[in-house]
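Report on the structure given below.
Only heavy atoms go into these numbers, but all of them, side chains included; no hydrogens, no water, no symmetry mates. Along the sequence shown, the residues carry numbers beginning at 1.
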Amino acid sequence: MSNELSANVELIKQHIGEYPDFPKKGILFKDVFTALRHGEVCKAIKNVLISHVRENCPDVQVIVGLEARGFLFSLLIAAELGIASVPIRKKGKLPGSCAQQEYSLEYGTDVFEIQKGSIVSGQKVLIIDDLLATGGTMDAANKLVQQIGGVVEQNVVIIELTALGGRKKLEVSGSKVHSFIQYDDIE
(Lines give C-alpha, C1' and ligand atoms only; values in the text may rest on other atoms or scores of the structure.)
Protein backbone atom coordinates (compact mmCIF):
# COMPACT_ATOMS: atom_id res chain seq x y z
CA MET A 1 0.00 0.00 0.00
CA SER A 2 1.37 3.41 -0.94
CA ASN A 3 2.12 6.06 1.66
CA GLU A 4 -0.87 8.10 0.48
CA LEU A 5 -3.24 5.15 0.83
CA SER A 6 -1.80 4.30 4.26
CA ALA A 7 -2.34 7.90 5.35
CA ASN A 8 -5.94 7.75 4.07
CA VAL A 9 -6.62 4.52 5.97
CA GLU A 10 -5.15 6.04 9.14
CA LEU A 11 -7.35 9.14 8.72
CA ILE A 12 -10.43 6.93 8.37
CA LYS A 13 -9.45 4.91 11.45
CA GLN A 14 -9.03 8.07 13.53
CA HIS A 15 -12.64 9.01 12.80
CA ILE A 16 -14.33 5.64 13.41
CA GLY A 17 -16.76 6.17 16.28
CA GLU A 18 -16.99 3.87 19.26
CA TYR A 19 -20.21 3.38 21.20
CA PRO A 20 -20.04 1.20 24.32
CA ASP A 21 -22.96 -1.08 25.14
CA PHE A 22 -24.59 -0.73 21.72
CA PRO A 23 -26.69 -2.49 20.54
CA LYS A 24 -26.44 -4.39 23.83
CA LYS A 25 -24.37 -4.39 26.99
CA GLY A 26 -20.80 -5.60 26.53
CA ILE A 27 -20.51 -4.60 22.86
CA LEU A 28 -18.21 -1.78 21.73
CA PHE A 29 -19.85 -0.71 18.46
CA LYS A 30 -17.49 0.57 15.74
CA ASP A 31 -19.39 3.14 13.66
CA VAL A 32 -18.32 4.16 10.16
CA PHE A 33 -21.12 6.77 10.02
CA THR A 34 -19.14 8.89 12.49
CA ALA A 35 -16.29 9.03 9.98
CA LEU A 36 -18.64 10.15 7.20
CA ARG A 37 -19.32 13.40 9.08
CA HIS A 38 -16.00 14.72 7.78
CA GLY A 39 -15.53 15.63 4.14
CA GLU A 40 -11.84 14.77 4.09
CA VAL A 41 -12.65 11.29 5.45
CA CYS A 42 -15.30 10.78 2.77
CA LYS A 43 -12.65 11.57 0.16
CA ALA A 44 -10.19 9.22 1.87
CA ILE A 45 -12.74 6.37 1.85
CA LYS A 46 -13.43 6.97 -1.83
CA ASN A 47 -9.70 7.01 -2.63
CA VAL A 48 -8.89 3.76 -0.81
CA LEU A 49 -11.91 1.92 -2.20
CA ILE A 50 -11.35 2.97 -5.82
CA SER A 51 -7.62 2.34 -5.62
CA HIS A 52 -8.18 -1.12 -4.13
CA VAL A 53 -10.74 -2.15 -6.75
CA ARG A 54 -8.63 -0.85 -9.65
CA GLU A 55 -5.54 -2.70 -8.38
CA ASN A 56 -7.10 -5.95 -7.20
CA CYS A 57 -10.33 -6.42 -9.17
CA PRO A 58 -9.85 -4.49 -12.42
CA ASP A 59 -12.31 -6.69 -14.34
CA VAL A 60 -15.18 -6.44 -11.86
CA GLN A 61 -18.51 -5.70 -13.57
CA VAL A 62 -20.94 -5.31 -10.66
CA ILE A 63 -20.59 -3.87 -7.17
CA VAL A 64 -23.06 -5.40 -4.71
CA GLY A 65 -23.79 -3.45 -1.54
CA LEU A 66 -25.28 -5.03 1.56
CA GLU A 67 -28.11 -3.39 3.46
CA ALA A 68 -27.72 -0.68 4.48
CA ARG A 69 -24.26 0.81 4.87
CA GLY A 70 -22.91 -1.19 1.95
CA PHE A 71 -25.26 0.75 -0.34
CA LEU A 72 -23.24 3.93 0.22
CA PHE A 73 -19.98 2.35 -0.80
CA SER A 74 -21.33 0.28 -3.70
CA LEU A 75 -22.77 3.29 -5.48
CA LEU A 76 -19.61 5.32 -4.84
CA ILE A 77 -17.42 2.66 -6.46
CA ALA A 78 -19.83 1.85 -9.29
CA ALA A 79 -20.29 5.50 -10.23
CA GLU A 80 -16.54 6.11 -10.33
CA LEU A 81 -15.89 3.01 -12.45
CA GLY A 82 -18.99 3.31 -14.63
CA ILE A 83 -20.30 -0.15 -13.72
CA ALA A 84 -23.47 -1.54 -12.12
CA SER A 85 -24.47 -1.16 -8.48
CA VAL A 86 -26.84 -3.81 -7.10
CA PRO A 87 -28.36 -3.97 -3.60
CA ILE A 88 -28.89 -7.00 -1.40
CA ARG A 89 -31.68 -6.27 1.05
CA LYS A 90 -33.60 -7.97 3.79
CA LYS A 91 -36.65 -9.95 2.75
CA GLY A 92 -39.66 -7.99 1.53
CA LYS A 93 -37.89 -4.73 0.63
CA LEU A 94 -37.22 -5.31 -3.08
CA PRO A 95 -39.95 -5.39 -5.75
CA GLY A 96 -40.23 -8.00 -8.47
CA SER A 97 -38.96 -11.54 -8.54
CA CYS A 98 -36.18 -12.10 -6.01
CA ALA A 99 -33.80 -14.90 -5.09
CA GLN A 100 -33.48 -15.54 -1.35
CA GLN A 101 -30.83 -16.79 1.05
CA GLU A 102 -31.42 -17.47 4.74
CA TYR A 103 -28.66 -16.75 7.25
CA SER A 104 -28.16 -17.15 10.98
CA LEU A 105 -28.23 -14.35 13.50
CA GLU A 106 -27.27 -14.43 17.15
CA TYR A 107 -30.91 -15.16 17.98
CA GLY A 108 -32.68 -16.80 15.04
CA THR A 109 -32.44 -16.29 11.29
CA ASP A 110 -33.09 -13.68 8.63
CA VAL A 111 -33.34 -13.68 4.85
CA PHE A 112 -31.45 -11.66 2.24
CA GLU A 113 -32.87 -11.02 -1.24
CA ILE A 114 -31.54 -9.89 -4.59
CA GLN A 115 -33.62 -9.11 -7.66
CA LYS A 116 -33.40 -11.82 -10.30
CA GLY A 117 -31.84 -10.46 -13.46
CA SER A 118 -29.78 -7.83 -11.64
CA ILE A 119 -26.62 -9.83 -12.36
CA VAL A 120 -26.02 -11.61 -15.66
CA SER A 121 -24.69 -15.15 -15.37
CA GLY A 122 -20.89 -15.09 -15.32
CA GLN A 123 -20.52 -11.42 -14.35
CA LYS A 124 -17.64 -10.66 -11.99
CA VAL A 125 -18.92 -9.21 -8.72
CA LEU A 126 -17.38 -7.41 -5.76
CA ILE A 127 -19.46 -7.43 -2.56
CA ILE A 128 -19.02 -4.55 -0.12
CA ASP A 129 -20.20 -3.71 3.37
CA ASP A 130 -19.01 -1.48 6.16
CA LEU A 131 -18.06 -4.17 8.68
CA LEU A 132 -17.16 -7.86 8.90
CA ALA A 133 -17.89 -9.55 12.23
CA THR A 134 -18.97 -13.21 12.28
CA GLY A 135 -19.30 -13.38 8.48
CA GLY A 136 -22.90 -14.58 8.42
CA THR A 137 -24.34 -11.78 6.29
CA MET A 138 -21.38 -11.71 3.91
CA ASP A 139 -21.52 -15.49 3.50
CA ALA A 140 -25.24 -15.26 2.70
CA ALA A 141 -24.53 -12.51 0.17
CA ASN A 142 -21.86 -14.66 -1.53
CA LYS A 143 -24.28 -17.57 -1.80
CA LEU A 144 -27.04 -15.32 -3.11
CA VAL A 145 -24.85 -13.79 -5.84
CA GLN A 146 -23.66 -17.26 -6.85
CA GLN A 147 -27.26 -18.53 -6.85
CA ILE A 148 -28.18 -16.06 -9.60
CA GLY A 149 -25.02 -16.75 -11.61
CA GLY A 150 -22.56 -14.09 -10.46
CA VAL A 151 -18.89 -14.84 -9.83
CA VAL A 152 -17.72 -13.27 -6.56
CA GLU A 153 -14.24 -11.84 -7.06
CA GLN A 154 -13.82 -10.42 -3.57
CA ASN A 155 -15.56 -9.32 -0.36
CA VAL A 156 -14.47 -5.86 0.80
CA VAL A 157 -15.19 -4.16 4.12
CA ILE A 158 -13.96 -0.98 5.74
CA ILE A 159 -13.76 -2.50 9.25
CA GLU A 160 -13.05 -6.07 10.35
CA LEU A 161 -13.54 -7.37 13.89
CA THR A 162 -10.93 -10.12 13.67
CA ALA A 163 -11.74 -11.79 16.99
CA LEU A 164 -15.18 -12.81 15.70
CA GLY A 165 -13.77 -15.04 12.96
CA GLY A 166 -15.71 -13.80 9.94
CA ARG A 167 -12.70 -13.88 7.62
CA LYS A 168 -11.94 -17.49 8.48
CA LYS A 169 -15.55 -18.50 7.84
CA LEU A 170 -15.54 -16.80 4.44
CA GLU A 171 -12.11 -18.08 3.40
CA VAL A 172 -13.09 -21.67 4.31
CA SER A 173 -15.96 -21.33 1.82
CA GLY A 174 -13.53 -20.06 -0.84
CA SER A 175 -14.11 -16.30 -0.58
CA LYS A 176 -11.39 -13.68 -0.86
CA VAL A 177 -11.68 -11.00 1.83
CA HIS A 178 -10.12 -7.56 2.13
CA SER A 179 -10.49 -5.14 5.04
CA PHE A 180 -8.84 -1.77 5.46
CA ILE A 181 -9.06 -1.47 9.26
CA GLN A 182 -8.82 -4.36 11.69
CA TYR A 183 -9.73 -4.43 15.37
CA ASP A 184 -8.70 -7.39 17.52
CA ASP A 185 -10.89 -6.47 20.50
CA ILE A 186 -14.64 -6.94 20.59
CA GLU A 187 -15.30 -5.21 23.91
Side-chain angles (χ1 to χ4, degrees), residues 1-2 4-9 11-12 32-33 35-36 38-101 103 111-132 135-160 166-167 170-171 173-181:
M1 188 182 305
S2 73
E4 181 183 347
L5 286 180
S6 294
N8 280 333
V9 169
L11 178 66
I12 297 163
V32 74
F33 278 166
L36 300 179
H38 308 277
E40 72 275 11
V41 179
C42 290
K43 287 172 80 173
I45 289 171
K46 177 184 175 189
N47 290 341
V48 298
L49 288 173
I50 298 302
S51 176
H52 176 79
V53 174
R54 283 188 171 141
E55 277 185 34
N56 298 282
C57 306
D59 298 331
V60 72
Q61 298 165 292
V62 179
I63 308 294
V64 169
L66 304 189
E67 186 168 323
R69 290 173 178 94
F71 298 165
L72 299 170
F73 306 120
S74 66
L75 180 60
L76 177 91
I77 297 167
E80 180 71 21
L81 300 179
I83 59 176
S85 175
V86 172
I88 287 183
R89 300 204 65 189
K90 290 186 179 175
K91 184 178 179 179
K93 295 189 176 184
L94 288 172
S97 181
C98 294
Q100 297 182 343
Q101 179 66 48
Y103 61 98
V111 176
F112 262 163
E113 291 184 331
I114 191 168
Q115 290 169 313
K116 292 180 179 175
S118 60
I119 295 173
V120 175
S121 184
Q123 278 189 309
K124 295 178 181 178
V125 176
L126 181 139
I127 301 175
I128 188 158
D129 204 4
D130 67 321
L131 184 135
L132 176 63
T137 57
M138 189 66 80
D139 186 52
N142 283 320
K143 290 174 181 171
L144 196 51
V145 166
Q146 292 163 355
Q147 180 183 332
I148 65 168
V151 177
V152 179
E153 294 289 303
Q154 194 171 70
N155 299 154
V156 174
V157 294
I158 306 296
I159 302 167
E160 178 182 0
R167 174 184 293 269
L170 294 168
E171 288 176 343
S173 68
S175 299
K176 295 179 186 172
V177 180
H178 180 78
S179 61
F180 295 98
I181 300 168

Is Gln115 reaching over with its side chain to a backbone N or O of Pro95, donor-acceptor style, under 3.5 angstrom?
yes
Provide the closest heavy-atom pair for Leu36 versus Cys42 in the form atom of the first, atom of the second, distance.
O-SG, 3.4 Å
Candidate pair Arg167 and Asn155, rule side chain to side chain contact (heavy atoms under 4.5 Å, CB included), full reasoning:
CA-CA 10 Å; Arg167 174 184 293 269; Asn155 299 154; over 6 Å; no
Please report the closest heavy-atom contact between Leu66 and Met138, naming both atoms and the distance.
CD1-SD, 4.0 Å
Are the side chains of Leu72 and Ile45 in touch, meaning some heavy atoms are under 4.5 Å apart?
no
Measure the CG-CD distance between Asn142 and Gln154 for me, rounded to the nearest 0.5 Å.
11.0 Å
Side chains of Leu131 and Val32: does their closest heavy-atom pair fall under 4.5 Å?
no
Run Asn56 and Lys176 through side chain to side chain contact (heavy atoms under 4.5 Å, CB included) and show every step you take.
CA-CA 11 Å; Asn56 298 282; Lys176 295 179 186 172; over 6 Å; no
Using modelled atom types and a 3.5 Å cut-off, is there a donor and acceptor pairing between side-chain atoms of Ser74 and backbone atoms of Phe71?
yes
Distance-minimising heavy-atom pair for Gln100 and Val111
CB-CG1, 3.8 Å
Approximate separation, where rounding is to 0.5 Å, of Thr137 OG1 and Leu144 CG
12.0 Å
Gln101 and Ala140 have their tightest heavy-atom pair at CG-O, 3.5 Å
Any Val53 side-chain heavy atom under 4.5 Å of Leu126 side chain:
yes
State, with a plain yes or no, whether a side-chain heavy atom of Ile148 is found less than 4.5 Å away from one of Ser118.
yes
How close do Ile77 and Ile50 get, heavy atom to heavy atom, and via which atoms?
CA-CD1, 3.7 Å
Ring geometry between Tyr103 and Phe112 (parallel below 30°, tilted from 30 to 60°, perpendicular above 60°)
tilted
Answer whether the closest heavy-atom distance between the side chains of Val125 and Val151 falls below 4.5 Å.
no
Look at atom CD of Glu171 and say whether more than 12 heavy atoms of other residues, nucleotides or ligands are closer to it than 6.0 Å.
yes
Do Leu76 and Glu80 have side chains that approach each other closer than 4.5 Å (heavy atoms only, starting at C-beta)?
no
What pair of heavy atoms forms the shortest contact from Glu153 to Cys57, and how long is it?
CB-SG, 4.5 Å
Can you tell me how far apart CD1 (Ile127) and OG (Ser175) are? Round to the nearest 0.5 Å.
7.5 Å
Pairwise side-chain contact, Leu170 with Leu132, heavy-atom cut-off 4.5 Å (strictly under):
yes
Checking Glu113 side chain against Arg89 main chain: does a donor-acceptor pair fall under 3.5 Å?
no
In this structure, which one of Lys93, Lys91, Lys90 forms a salt bridge (Lys or Arg N to Asp or Glu O under 4.0 Å) with Glu67?
Lys93
Do Leu49 and Ile158 touch side chain to side chain, with heavy atoms closer than 4.5 Å?
yes
Is there a donor-acceptor contact under 3.5 Å from the side chain of Asp139 to the main chain of Gly135?
no
